[in-house]
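The sequence lines fix the lettering, A, B, ..., with proteins before strands; numbering per chain opens at 1.
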Amino acid sequence: MKTTSLIPGAAKSIKIPRRNDERVILHFDYDCFYASVFENENPSLKSQPLGIKQKSILATCNYVARARGVKKLMLISEAQRICPDLILMNGEDLTRFRDVSKKLWAFLRAHSWNRRVERLGLDEVFLDVTDVVQYNQEMLNVHALRDSFFHLDRSDPVKGFAFDGSAFSGCVQPKAKGGPAGVDVDNPLCVRLMLASHLAGYLRHKLDEDFGYTSSGGISTNKLLAKLAGSVNKPNNQTTLLATRNDDDVVREFMDAHSIRKVPGIGSRIAQLIEEYILSRPTERRDRESTNVMVGEARTYPGMSADLLEQILDRPGAERGSGEKVWNFLHGADPSEVKEASDVPTQISIEDTYMSRPLQTPAEVMRELRALATSLVRRMRVDLTEVDLTTTTTTSDAASPAVPRWLAYPKTLRLSTRTRSKQATAPSSTSSSAIEVPNFSRSSRSTALPTFVFQISSPSPSYEEIAERLVTESLLPLFRRLHPERGGGLNLALLNICVTNMVIVANETSNVPAPGRDIGRMFRTQENKLREWTVYDTSPLPVPVVPALAEADDRVKVCAEGEVQKDLFCEQQEEEQGENMTSDCEVAMNCSSPLVDEGYDDFWDGQEESDSQRCQICGHALPAFAMSAHERFHAMDE
DNA sequence: ACGACAGAG
DNA sequence: GGTTCTCTGTCGT
């Protein structure tokens with residue numbers, strides 16, 4: 001990867017990306033979200049320095065803590081040294097954050113006319129409000145800007161709020177020289193961004209007043225600019241980036257002042273490759289902070305172009321087209337659409353790390369797999385089912401409890417592990433090789449998800465029962481594929497289980513579609529949307545038919561002690577008991593102990609896959625390849 | 001379909 | 001004592 005050979009001959013054919021001005025995009029970022037969730041649960045925390053920890057790091061902290069010098073992603077020990085009275089909450093279980101995130105997202109969704117409402121992580125939301133803003137632009141009276149009214153509903157003219165259309169809501173970038181930013185009524189884009197700023201201000205106000213969550217907002221013409229704009233004034237404020245067409249300097253200067261690493265879409269790998277090219281040398285980890293290449297520097301570097309970037313970023317496994325994508329980003333151009341709101345995730349995964357004490361024995365692995373599987377099964381019920389209203393509106397009494405229905409069926413199950421890095425490789429000649437040695441390796445195996453996990457009605461198994469079967473029948477075979485060698489400490493620092501490959505169940509919108517009526521459109525009316533989030537706000541989560549686990553912590557270790565074990569587990573249990581009595585010291589040494597080898601034998605000797613299996617629901621024997629479809633047929637029955 | 005990897009918070 | 005717990009998307013096979 002010699003840099004000299006990459007300089008292109010034809011420097012005149014460089015194309016400057018053209019931004020699209022047609023859209024109006026809002027970006028919301030809830031301020032220190034995890035900390036806010038805890039503060040809302042316990043308001044007395046608001047005045048104290050508060051940190052949220054996950055294992056040995058501080059996931060986030062509130063602004064009181066930040067004022068004391070505490071930073072995100074610090075080691076706990078360091079944070080405590082800096083701020084001894086830091087209050088620490090455990091944020092390893094994400095359930096409460098997920099619940100709040102969904103609630104706020106549902107609120108914002110209710111204000112979209114086009115369903116383009118995209119969540120990014122748990123604490124960010126993009127809205128495409130082009131249509132709402134355009135409607136309000138048409139309704140605007142430019143002769144009475146100060147007494148404007150923002151319409152939130154096309155079909156109900158009283159829904160909305162009053163605002164002063166002669167000024168922006170919140171901050172504006174760039175700041176007008178001399179006085180407060182005026183609104184150029186002759187510039188339609190300027191008017192539209194002004195309108196969008198008031199909508200963003202209104203929504204942020206409601207998020208705070210009605211739900212207790214302050215946020216930072218960004219308003220611009222695409223996702224990249226909206227997001228970057230939002231980070232200019234934090235917390236609890238908003239920024240409109242005046243990305244008007246007649247004034248390209250605004251966007252250029254705005255982008256140029258950011259380091260390339262801050263641009264969303266340019267990750268660490270891409271940033272490193274660009275930096276190495278510009279600095280004409282490999283970049284080491286310790287150099288990273290000092291090498292702060294700015295967008296302006298990269299953009300104006302001799303010969304820089306989409307094609308050159310494509311060459312710079314070309315490496316085995318590289319995404320093609322990323323050169324043009326990055327070139328667009330450097331110019332503040334981002335054609336990507338705000339994705340439509342979807343009710344079901346495309347993947348659900350649960351993981352735990354064991355960094356300070358890696359898992360060594362099969363017994364430990366079994367214990368953790370059971371705990372993870374139990375959480376996964378519970379999450380599938382919560383996130384992938386809904387209570388079918390058509391069957392419950394008539395009799396929602398205890399006599400006939402609401403039976404949830406599945407919104408989607410994941411088809412595949414995946415198990416991932418990571419073994420702890422043992423390598424203390426001599427860092428002697430690190431500069432000679434540009435290859436980043438990953439000091440951890442994650443690997444995974446997947447298989448068809450058995451359909452018994454979907455059993456809800458009739459003899460309804462508990463989460464634990466389903467989880468137990470999942471472990472023995474699916475996860476254990478996957479584990480054996482990942483770790484075929486027996487003996488020696490397993491040394492696992494991470495376990496992750498995941499269901500994915502969702503088959504969405506067709507949405508039967510109950511009954512009586514009036515002839516000629518567009519059902520899809522009916523669902524998008526304001527009433528329905530508002531009801532949607534109101535209901536969400538007050539109703540309990542889908543009632544499980546089985547007794548729910550009476551605990552708040554996802555990570556509770558589930559041990560089915562008194563239950564009858566299948567043959568496979570007999571030895572396993574002994575192993576587990578033995579392990580409980582062994583000291584850490586023994587555990588560390590027992591890699592070669594014959595006692596342990598016995599345990600390993602049973603652990604690794606799974607049944608071979610037989611050609612024919614038995615359906616778990618009707619008992620019918622079928623060839624293995626036909627089982628998946630057959631069982632799915634049962635699951636969709638009801 | 002499967003498995004690795006990159007990027008996001 | 002050297003990163004948490006997720007989610008989405010793409011690439012090669």
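Scanning for side chain to side chain donor-acceptor pair (under 3.5 Å) contacts around Arg81(A) gives an empty result, with sequence neighbours left out. By the ring-ring contact (aromatic ring centres under 6.0 Å, His included) test, Phe329(A) pairs with no residue at all, sequence neighbours left out. Not counting sequence neighbours, the partners of Arg119(A) by the side-chain contact (heavy atoms from CB on, under 4.5 Å) test are Ser101(A), Lys102(A), Trp105(A), Leu122(A), Val125(A). In this structure Tyr30(A) satisfies the ring-ring contact (aromatic ring centres under 6.0 Å, His included) test together with Phe33(A), sequence neighbours excluded.
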N/O-N/O pairs, protein side and nucleotides 3-6 of chain B side, under 3.5 Å:
unit_1	atom_1	unit_2	atom_2	d
dG3(B)	OP1	Arg481(A)	NH1	3.4
dG3(B)	OP2	Ser446(A)	N	2.5
dG3(B)	OP2	Ser446(A)	OG	2.6
dA4(B)	OP2	Ser444(A)	N	2.8
dA4(B)	OP2	Ser444(A)	OG	3.1

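Heavy atoms of Ile266(A) sit under 4.0 angstrom from primed sugar atoms or phosphate atoms, though from no base atom. Heavy atoms of Lys227(A) sit under 4.0 angstrom from primed sugar atoms or phosphate atoms, though from no base atom. If you check every strand for non-hydrogen atoms under 4.0 Å, Val263(A) touches sugar and phosphate atoms only. As judged by a 4.0 angstrom heavy-atom cut-off over every strand, Gln347(A) is placed among the base-contacting residues. Within 4.0 Å of Gly265(A), counting heavy atoms only, lie sugar-phosphate atoms of the nucleic acid but no base atom. Within the nucleic acid shown, Leu73(A) has no heavy atom closer than 4.0 Å to any nucleic acid atom.
Side-chain nitrogen and oxygen atoms of Ser356(A) include none within less than 4.0 Å of the OP1 or OP2 phosphate oxygen of dG1(C). For Lys72(A), no side-chain nitrogen or oxygen approaches OP1 or OP2 of dG9(B) to under 4.0 Å. For the OP1/OP2 pair of dC7(C) and a distance below 4.0 Å, the side-chain nitrogens and oxygens of Arg379(A) include at least one atom meeting the criterion. Dashed line: the shortest gap from a side-chain N or O of Ser56(A) to OP1 or OP2 of dG1(C) is not under 4.0 Å. Residue Asn496(A) places none of its side-chain N or O atoms closer than 4.0 Å to OP1 or OP2 of dC5(C).
Ionic pairing of Glu351(A) and Arg418(A) is not present here: no N-O contact between side-chain nitrogen and carboxylate oxygen is shorter than 4.0 angstrom.
Taking the six-membered ring where tryptophan is involved, the planes of His27(A) and Phe126(A) are tilted, since the angle between them lies from 30° to 60°.
Within the structure, salt bridge (Lys or Arg N to Asp or Glu O under 4.0 Å) pairs that include any residue of residues 212-226 of chain A comprise Glu118(A)-Lys223(A) (at least two apart or interchain).
For Leu120(A), whose side chain is taken as the heavy atoms from C-beta onward, the closest listed nucleotide among dG9(B), dT4(C), dC7(C) is dG9(B). Residue Thr353(A) places its side chain closer to dC5(C) than to any other of dA1(B), dC5(C), dT6(C). Which of dC2(B), dT6(C), dT8(C) sits closest to the side chain of Thr412(A) comes down to dC2(B). Distance from the side chain of Leu94(A) is smallest for dT6(C) among the nucleotides dT6(C), dG9(B), dT8(C).
Taking atom CE on Met89(A) and atom P on dC5(C), their separation rounds to 18 Å, with Å as the unit.
Looking at which nucleotide of DNA chain C each of Met355(A) and Lys325(A) is closest to, the 5′-most match is held by Met355(A).
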